[in-house]
Amino acid sequence: MKNSIFSLLLLLPLLASCVERQVYIVHFREHSEEKTLHEIEETHHSYLFSVKKTEEEARASLLYSYKHSINGFAALLTTDEASKLSEMEEVVSVYQSDPKKYSLQTTRSWEFVGLQEGIHTKLKKEDLLLRARYGQDVIVGVLDSGLWPESKSFSDEGMGPIPKSWKGVCQTGQAFTLSNCNKKVIGARYYLKGYEAIYGPLNTTLDCRSPRDWDGHGSHTSSIVGGQRVPNVSFIGGFARGTASGGAPLARLAMYKACWAIPYQGKELGNTCFEEDLLAAIDDAVADGVHVLSISVVTSTPYPYDQDGIAKAALQSIKKEIVVACSAGNLGPVLETLSNPAPWMITVAASSVDRAFVASVMLGNGEEIEGHTLTTYKLKRKMYPLVYAAQVVNPDVPKNAAGQCLPGSLSPEKTKGKIVMCLRGQGTRIGKGEEVKRAGGSGFILGNNPANGAEIQDDTHVLPATDVNSDNAIKILEYINSAKNPMGYITPARTKIHYKPAPFMASFSSRGPSTISPGILKPDITAPGLNILAAWSEASSPTKKASDHRVVQYNLDSGTSMSCPHVAAAAALIKSIHPHWSSAAIRSALMTSATMTNNKGRLITDALGNPADPFQFGSGHFRPTMAADPGLVYDASYTDYLLFLCGSRLDTMDPSFKCPKNPPSPNNLNYPSLSIPKLNGIVTVERTVTNVGGPKSVYFASVKPPLGFSVKVSPPILVFNKVGEKKKFTITVEATSESASTIGKDEYAFGWYTWTDGIHHVRSPMAVSLA
Ligand SMILES: *[C@@H]1O[C@H](CO)[C@@H](O)[C@H](O)[C@H]1NC(C)=O
Ligand SMILES: *[C@@H]1O[C@H](CO)[C@@H](O)[C@H](O)[C@H]1NC(C)=O
C-alpha cells in the first residue's frame with residue numbers, strides 16, 4: 001500500500017517522450033444564473049473552440065464537461081492553448097493533469113468498535129443498527145477500483161426496493177452486465193478518458209473495461225462501508241474467522257471506478273487515479289443522488305484546495321449536504337504528510353483493532369517470544385538451527401544490506417535447513433521470505449527495525465514464518481550472539497482476540513499538522529485500518545503478485561484506505577437516523593464523541609508505545625453508537641466554508657458570493673476542534689453549538705489546557721430550552737509566562753475542552769504553537 005504513491009515516478013521518462021498535447025483541467029467560476037446542462041456543455045465547447053482551429057478539433061479534444069461537482073472541463077490542450085484559456089476572466093484555474101498526483105491508498109473491526117463503546121455506554125451496536133434500519137435508506141458512493149459483484153458481501157438478499165431518489169445507472173462493459181447490479185449495488189460506472197489520454201487504450205488483461213474490480217481494493221473498501229453480513233468467512237488457513245459485515249450492512253452502494261492498473265508494472269506496486277476521471281466520477285455521484293462519498297484516494301503531497309480536484313468537487317457537494325469521508329494518507333509517521341485537509345471533508349487516520357494472529361518463536365534457552373503472522377505454512381515439531389541473515393550471506397553482499405535478505409543475497413549452502421532472521425528496511429517484507437525459501441531456509445523471522453516499533457502488518461509469507469516487533473528482534477539477536485548453538489522453533493499461528501493495547505496508531509497513518517490550513521486541526525478522527533478482513537476480487541491474488549495464484553473471496557489489507565470507509569459507514573448510519581442533519585453536523589457528532597482512550601484505559605499510543613496526539617488521531621477513535629446521540633453539534637454551511645476561504649485569502653470560486661471586507665479569521669470556522677498555529681500572546685475564537693439532545697438541558701464547560709497556555713471558555717454554562725437552539729461561546733487562549741520554556745519553536749502543545757450535561761461529553765481537541 002505504502003509503495004503506491006511512489007511507484008509512478010518510475011514511469012515519467014516514458015511519458016515525457018510520447019506526448020505533446022496534455023490533459024488540462026480548466027475550472028470556471030460557478031454559474032451564477034440557472035443554466036441547463038446542455039447550455040453549460042455548450043459554453044465549455046465555445047471556450048475550447050476559441051483556442052482551437054476547428055469546431056471538430058474542439059469537440060474531439062474535450063474529455064469531460066463537469067457540471068455538478070465543479071464548473072469546468074478536462075481537455076487535451078497544448079501549452080499555448082492552455083495559457084490562452086488561463087488569461088480569460090471567467091477562468092479560475094488551468095492546470096495540467098498530473099498522472100502521479102492521486103492514488104489509492106479491513107470481521108473484527110466492527111465488533112471491536114462495539115466493545116470499545118460498551119465501556120462507556122449501555123447502548124449496543126445492534127441498537128444503533130436497528131435505529132438506522134441498517135442504513136438501507138442511505139446511498140454511499142465509493143470512488144475506487146471497481147467491485148467484484150459476485151461477492152456474497154454484495155448480495156441484495158432481504159433488501160427493499162431501491163430508494164426513489166436514486167438517479168444513477170448501471171453501466172455495462174467488459175464482464176459486467178445489468179445483472180451485476182441489484183438492490184445492494186444500485187449504481188456502477190467507470191471513468192478512464194484521462195487514463196487513456198496518457199497511457200493509450202486500456203490493456204484489458206491488466207484491468208477490466210467496466211466497473212468490475214480487477215485489483216481487490218475497491219471490493220475491499222466498498223464491503224467495509226456497506227457489505228452484507230456474511231457468516232463464517234475467513235482468510236486462507238482459517239485466520240480471522242467470523243462474520244464479515246459492512247458497517248452499514250443494508251446501505252446501498254454505488255461504485256464509481258476511477259482508479260486503474262498501471263501498464264508495465266505489477267499490481268502490487270499500486271494503481272493510479274487521474275484527476276479528470278475522479279472529477280467526472282464525483283460530478284456523476286452528486287447528480288445521481290449519493291448521500292455519503294467514501295474516497296480512499298490521496299494526493300502524493302499536500303496540494304492547495306484550488307489545485308486539488310477532490311477538495312474542489314467536495315466543496316460543491318456540500319451544497320447538497322453530502323458527507324465526504326477521505327483517507328489521511330499512508331505517509332506517516334512523518335509530520336505534515338497529511339492529504340485531504342479541507343475542512344468540508346472528514347479526514348480519517350488509521351489504527352489497529354484488538355485482534356492479532358500470533359505465532360511465537362521458541363528459543364533454545366526456553367524463552368518464548370511473541371510474533372505475528374498469517375502464513376499457512378508450519379514447521380515440523382523440532383528445534384532448528386537459528387541464524388541472523390548476515391551470518392549466511394554470500395561474500396559479496398555489502399555490510400549495510402547483510403541482514404536484509406534482498407533477492408540473491410543468501411548463500412544456499414549456509415542457509416539450508418535453518419530458521420533465518422531478517423530485518424525490515426530495504427526490499428519488500430514478502431520478498432525477504434521468498435529469498436529465505438529460495439536459499440533453502442526452513443523458517444523465517446522478520447524483525448522490525450526500531451522505526452517500525454511494534455507495528456506489524458501481518459504477512460502471508462511463503463514459508464513457516466513470523467514477524468516480531470523491534471524489542472523482540474533485539475532479544476532474538478542477543479540470543480543468537482550469546483548462544484553456542486542457537487536453536488529455534490516457530491509455533492503455528494492462531495487468531496487471538498481482545499488483544500491489548502488496542503487501538504494504537506498505525507505508523508503509516510499520515511500526520512498533521514496540515515500544511516495547507518494549519519488553522520484547522522487534522523486529521524479529524526481515527527478508525528480501524530490495520531489487517532482488516534473484507535471482500536476481494538477473484539481476479540487478483542491476496543498479495544496482488546502475478547506469481548501468487550491463490551484466489552480468495554476475503555482478504556486482509558491495511559491502510560487509511562480501510563479506515564476511511566469505516567467512518568463513511570458510521571456517517572451513513574447517522575444520516576439514516578437523522579436524515580436532515582447537515583454534513584458538518586454528522587462530522588461533528590462523529591468527532592466530539594470519539595475516544596482518546598485504548599482498551600487498557602490509557603491514552604492511545606503510537607506503534608512504538610509512546611502517547612499519540614491529535615496530529616495522529618484527531619479527536620480520537622470513532623464510536624458510532626455514541627455519535628448517534630452527540631448532545632450538541634458544531635454546524636457549518638456552504639457559506640461558512642466560503643467565509644473560511646475568504647479569511648484564508650483564498651478564491652471562493654463562487655461569483656455569486658462576495659467576500660466581506662473584514663472576513664472572519666479562519667480559526668472562527670465553526671469546527672469541532674481547534675488549531676492555533678503561531679499564537680502571538682492571546683487569541684479569542686468563537687464557536688456556536690446546536691442542541692440536538694433533550695429539549696431542556698444545561699451544559700458545563702471543562703478544559704484541559706495545553707501545557708504552557710491558559711484557556712478560558714465563556715460563558716462556562718450554556719442553558720438550552722429547546723431542540724435546535726443555538727448558543728455562542730468564546731474560547732480565549734493565552735500563552736503563560738512559562739510557555740516559552742515548556743515548548744520549543746514550531747512545537748505544538750495539546751489539550752481539549754468539553755461540554756457536558758452529565759450524559760453527553762462533547763469533546764474538542766486543541767493544538768497550539770507559539771509565534
Ligand atoms: C497486456 O498486459 C499483459 C499482462 O501484463 C501483457 O502480457 C501484454 O503484453 C500486454 N499487452 C499489451 C498490448 O501491452
Ligand atoms: C465454517 O466453515 C468451515 C470451513 O469452510 C466449516 O468447517 C465449518 O463447519 C463452518 N462453521 C459453521 C458454523 O458453519
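Only this structure's heavy atoms are used, side chains among them; waters, hydrogens and symmetry mates stay out. In listed order, ligands and their atoms are each counted from 1.
Between Trp260 and Tyr195, the two ring planes are tilted [angle within 30° to 60°].
When the salt bridge (Lys or Arg N to Asp or Glu O under 4.0 Å) test is applied to Arg494, no partner is found at least two apart in sequence or on another chain. With sequence neighbours left out, Tyr499 forms a ring pair (Phe, Tyr, Trp, His ring centres under 6.0 Å) with His372.
The contact shell of ligand 1, taken as protein residues with any non-hydrogen atom closer than 4.0 angstrom, comprises Asn203, Thr205, Leu206.
A centroid separation of less than 6.0 Å is found between the aromatic rings of Phe444 and His461.
For the 3.5 Å distance criterion, the side chains of Thr221 and Asp144 qualify, holding a donor opposite an acceptor.
Applying the disulfide bond (SG atoms under 2.5 Å apart) definition to pairs two or more places apart or across chains, those involving residues 210-275 are Cys259-Cys273.
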